[in-house]
Amino acid sequence: MEPADLLIEQFRTYLNCNKCRLSVLAYLVLGLLQKQTVNFTHLATTFPGNSQTASCYRLIQRFFLEVVFEEIITARMIASLFAPEVKWQLSMDRTNWLFGIFKINILFLAINYKGMAIPILWTLLSKKGCSNTTERIELLQRFQKIFPEQAIQRLLMDRESKGRRWLKFLVNGNWPFCIRVPNNTWVPNKHQNRLLPFSLTIGETMAIRQPRKVWRQMVYLAASKKGSDPMVVICNADPWCAIENYLQRWQIETMFQAMKSRGFNLEETHSKDRDKISKLLCALVHLLTSSRP
């Protein structure tokens with residue numbers, strides 16, 4: 001059986017699409033593997049048969065204009081192939097790039113899997129800059145609706161994920177988390193003076209045994225210093241492992257590299273349509289599922 005036919009059969013298990021659209025998706029996945037780019041012009045040259053490149057290019061355009069990837073089905077498909085059987089470790093982070101003056105800004109929630117995070121849900125932000133608390137909460141609520149019974153080992157986040165309302169949402173929702181916080185975060189001690197667990201020598205790591213109040217919530221703190229910039233992490237369990245746990249967040253950076261300049265050059269899409277960009281992300285995810293080790 002040809003590789004495209006194998007992919008069509010695999011995708012048919014999850015997707016409610018006709019054979020024509022499944023075929024285009026299979027050709028796109030094979031083209032992505034061959035060309036390592038999301039540029040439609042390059043992908044059109046990989047389609048089989050005697051059709052001219054211009055015709056294949058229009059076929060790709062129609063595919064992204066007409067096809068609908070259902071978020072619930074895509075997320076469950078990813079989970080069935082990549083998620084561990086026990087508790088999941090999730091990473092949340094944002095990536096962005098410019099096409100001319102148009103800012104493409106995407107907030108991801110991903111499952112850490114064998115050294116790389118696998119995107120499971122995402123939000124295309126219609127703005128520049130950091131995500132806000134409302135956007136992060138909405139993303140986690142979508143996750144909870146799809147996987148209401150799923151146990152989470154921890155949620156890893158960088159310094160962008162900060163603030164009183166955000167931390168209150170995580171604590172009240174019983175989300176296990178590990179978040180790097182800015183070094184100037186206010187942490188009072190029992191005398192209501194600012195506690196500075198950041199005065200470390202290079203190579204030193206420490207954790208505070210008793211929880212402290214950060215953004216009005218009681219959390220544990222840990223800190224480490226390997227260079228000039230100390231790393232300070234808050235968590236709601238296992239503070240002595242907090243730094244080691246937080247460093248697993250590098251897996252989502254690996255995912256971004258695979259999607260962008262060191263992988264499939266997502267920046268080359270040259271699209272300003274956020275819906276089409278989201279569909280292209282779905283195609284990349286289907287590539288991941290088709291090449292599962």
Side-chain angles (χ1 to χ4, degrees), residues 82 84 87-97 105-119 129-133 136 140 152-164 166-167 170-171 175-191 193-263:
F82 293 103
K87 294 182 177 181
W88 297 359
Q89 180 172 262
L90 303 175
S91 293
M92 180 184 288
D93 206 352
R94 184 178 56 87
T95 190
N96 63 86
W97 67 89
N105 199 6
I106 310 172
L107 177 66
F108 282 96
L109 185 66
I111 302 173
N112 289 354
Y113 177 82
K114 294 186 178 180
M116 189 175 82
I118 306 297
C130 298
S131 63
N132 60 40
T133 296
R136 294 191 294 272
L140 289 187
I152 304 301
Q153 185 180 38
R154 67 185 61 88
L155 174 62
L156 308 177
M157 295 161 283
D158 206 354
R159 284 171 285 191
E160 178 176 319
S161 300
K162 61 184 180 181
R164 292 178 181 177
W166 174 239
L167 190 57
L170 295 174
V171 171
W175 283 90
F177 59 81
C178 198
I179 310 174
R180 185 175 181 182
V181 298
N183 294 342
N184 61 354
T185 301
W186 184 268
V187 185
N189 61 16
K190 62 182 179 179
H191 303 293
N193 297 318
R194 184 166 180 255
L195 183 67
L196 292 175
F198 325 125
S199 300
L200 306 175
T201 60
I202 292 179
E204 185 180 3
T205 297
M206 65 164 290
I208 299 178
R209 187 181 303 274
Q210 298 298 324
R212 303 286 181 175
K213 186 173 286 188
V214 176
W215 301 322
R216 298 183 179 177
Q217 302 296 322
M218 299 302 293
V219 296
Y220 295 100
L221 286 97
S224 178
K225 187 174 184 180
K226 293 186 177 180
S228 58
D229 186 22
M231 177 186 296
V232 183
V233 172
I234 62 172
C235 60
N236 50 358
D238 303 323
W240 298 107
C241 303
I243 297 297
E244 180 182 355
N245 290 337
Y246 171 78
L247 291 176
Q248 295 298 310
R249 200 195 66 83
W250 66 269
Q251 295 180 63
I252 201 168
E253 299 294 345
T254 303
M255 181 188 86
F256 292 152
Q257 292 173 7
M259 286 183 169
K260 297 170 71 177
S261 57
R262 296 187 185 181

Please lay out, stage by stage, how Ile252 and Leu156 fare under the test side chain to side chain contact (heavy atoms under 4.5 Å, CB included). CA-CA 10 Å; Ile252 201 168; Leu156 308 177; over 6 Å; no
Which is it for Met92 and Leu140 under the side chain to side chain contact (heavy atoms under 4.5 Å, CB included) test, yes or no, and what are the steps along the way? CA-CA 10 Å; Met92 180 184 288; Leu140 289 187; 3.6 Å; yes
Under 3.5 Å, side chain of Arg249 to main-chain N/O of Asp158, donor-acceptor pair present? no
Test Leu155 against Leu109 for side chain to side chain contact (heavy atoms under 4.5 Å, CB included), laying out the working first. CA-CA 9 Å; Leu155 174 62; Leu109 185 66; 3.9 Å; yes
Are the side chain of Asn183 and the backbone of Pro230 linked by a donor-acceptor contact shorter than 3.5 Å? yes
Between Tyr113 and Phe82, how do the two ring planes meet: parallel, tilted or perpendicular, split at 30° and 60°? perpendicular
Do the side chains of Leu167 and Val219 get nearer than 4.5 Å, heavy atoms only? yes
Within-4.5 Å side-chain heavy-atom neighbours: Ser91 and Gln251: no
Qualifying residue, where the test is side chain to side chain contact (heavy atoms under 4.5 Å, CB included) with Met157 and the options are Asp93, Val181, Val233, Leu170: Leu170
Would you mind telling me which of Tyr220, Trp215, Tyr246 makes a side chain to side chain contact (heavy atoms under 4.5 Å, CB included) with Ile234? Trp215
Using modelled atom types only, decide if a donor and an acceptor are shared between the side chain of Asn105 and the backbone of Gly129 within a distance under 3.5 Å. yes
Between Pro84 and Ile111, is there a side-chain heavy-atom distance shorter than 4.5 Å? yes
About how many Å separate CH2 of Trp166 and CD1 of Ile179, when rounded to the nearest 0.5 Å? 7.0 Å
Rounded to the nearest 0.5 Å, the CE atom of Met206 sits from the CD1 atom of Ile243 at a distance of 10.0 Å
Is there a side-chain contact between Leu90 and Ile152, using heavy atoms and a 4.5 Å cut-off? yes
Is the number of heavy atoms from other residues, nucleotides or ligands under 6.0 Å of Glu244 CD greater than 12? no
Quick check for you: to the nearest 0.5 Å, what is the distance between Arg136 atom CZ and Ser161 atom OG? 4.5 Å
Kindly indicate whether the side chain of Gln153, heavy atoms from C-beta on, has any atom under 4.5 Å from the side chain of Pro176. no
